[in-house]
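Reviewing the structure listed below.
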Amino acid sequence: MMLQTGNDNVRYIFPRKWCEKNGIEPRLFDSVINKAPLSSRTNKIIGSKAPSIYLSKLQEKAKITKIRMDDILQSHAINPESLRSDNFQAFFDLRQ
């Protein structure tokens, strides 16, 4: 179930399909720790891709640098390196 926040939705940071494919337990990937408010446009770019893939696509579309992207991620209590290395457990532990 998606939570509504205005015109945006709260969606997965590590996509559900990616988590299932990589053996992440539903109780972890369905946690609020793995969710953030994202626009529909951003969510379409993310799709079911690994963060290491979708981050560069988001940066390209938004015409921002890696440093700016990292600042945005950190403002949401997300460790950029855990995302860039597709390390769900480190991401989860640090954000928790």
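Predicted model only: the values in this text are computed from it and were never measured.
- In this view, Y54 satisfies the ring pair (Phe, Tyr, Trp, His ring centres under 6.0 Å) rule with no residue, not counting sequence neighbours.
- Paired with R95 under the rule side chain to side chain contact (heavy atoms under 4.5 Å, CB included), one option of N34, L83, I78, N79 passes, and it is I78.
- By the side-chain hydrogen bond (donor to acceptor under 3.5 Å, both in side chains) test, N87 pairs with no residue at all, sequence neighbours left out.
- The side-chain hydrogen bond (donor to acceptor under 3.5 Å, both in side chains) search around S85 returns none, not counting sequence neighbours.
- No side-chain heavy atom of P37 sits less than 4.5 Å from a side-chain heavy atom of N9.
- Taking the six-membered ring for Trp and thresholds of 30 and 60 degrees, F14 and F91 have ring planes inclined between 30 and 60 degrees apart.
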If you apply the rule side chain to side chain contact (heavy atoms under 4.5 Å, CB included), what do you find for D86 with N22, and how did you get there? CA-CA 10 Å; D86 299 331; N22 287 277; over 6 Å; no
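- Contact check for P80 versus Q74: side-chain heavy atoms found under the 4.5 Å cut-off.
- Put simply, I72 and I33 are part of the same group of oily side chains (I, L, V, M, F, W, Y) that touch within less than 4.5 Å, one to the next.
- Note that CD1 of I45 is 11.0 Å distant from OG of S40, once rounded to the nearest 0.5 Å.
- Of all non-hydrogen atoms in S52 and S56, the two that sit nearest each other are O-OG, 4.4 Å.
- Looking at R41 and S39, their side chains come closer than 4.5 Å, going by heavy atoms from C-beta outward.
- In the displayed structure, K49 atom NZ is contacted under 6.0 Å by more than 12 heavy atoms of other residues, nucleotides or ligands.
- Listed by chain and residue number, Q59, D70 satisfy the side-chain hydrogen bond (donor to acceptor under 3.5 Å, both in side chains) test with R84 (two or more places apart in sequence, or in another chain).
- Across every non-hydrogen atom of F88 and W18, the tightest pair is CB-CZ3, 4.2 Å.
- N43 and Y12 share no donor-acceptor pair across their side chains, judged by distance under 3.5 Å alone.
- The line from NE2 of H76 to CG of D71 is 11.5 Å long, rounded to the nearest 0.5 Å.
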Below 3.5 Å, can you tabulate the donor-acceptor pairs from side chains in residues 60-68 to any protein atom, sequence neighbours excluded?
unit_1, atom_1, unit_2, atom_2, d
T65, OG1, I67, N, 3.4
T65, OG1, R68, N, 3.0

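- Judged by distance alone, the side chain of K35 and the main-chain N or O of D30 form a donor-acceptor pair under 3.5 Å.
- Side-chain contact check for P15 versus E20: every heavy-atom pair is 4.5 Å or farther apart.
- Residues satisfying the side-chain hydrogen bond (donor to acceptor under 3.5 Å, both in side chains) test with D93, not counting sequence neighbours, are Q89.
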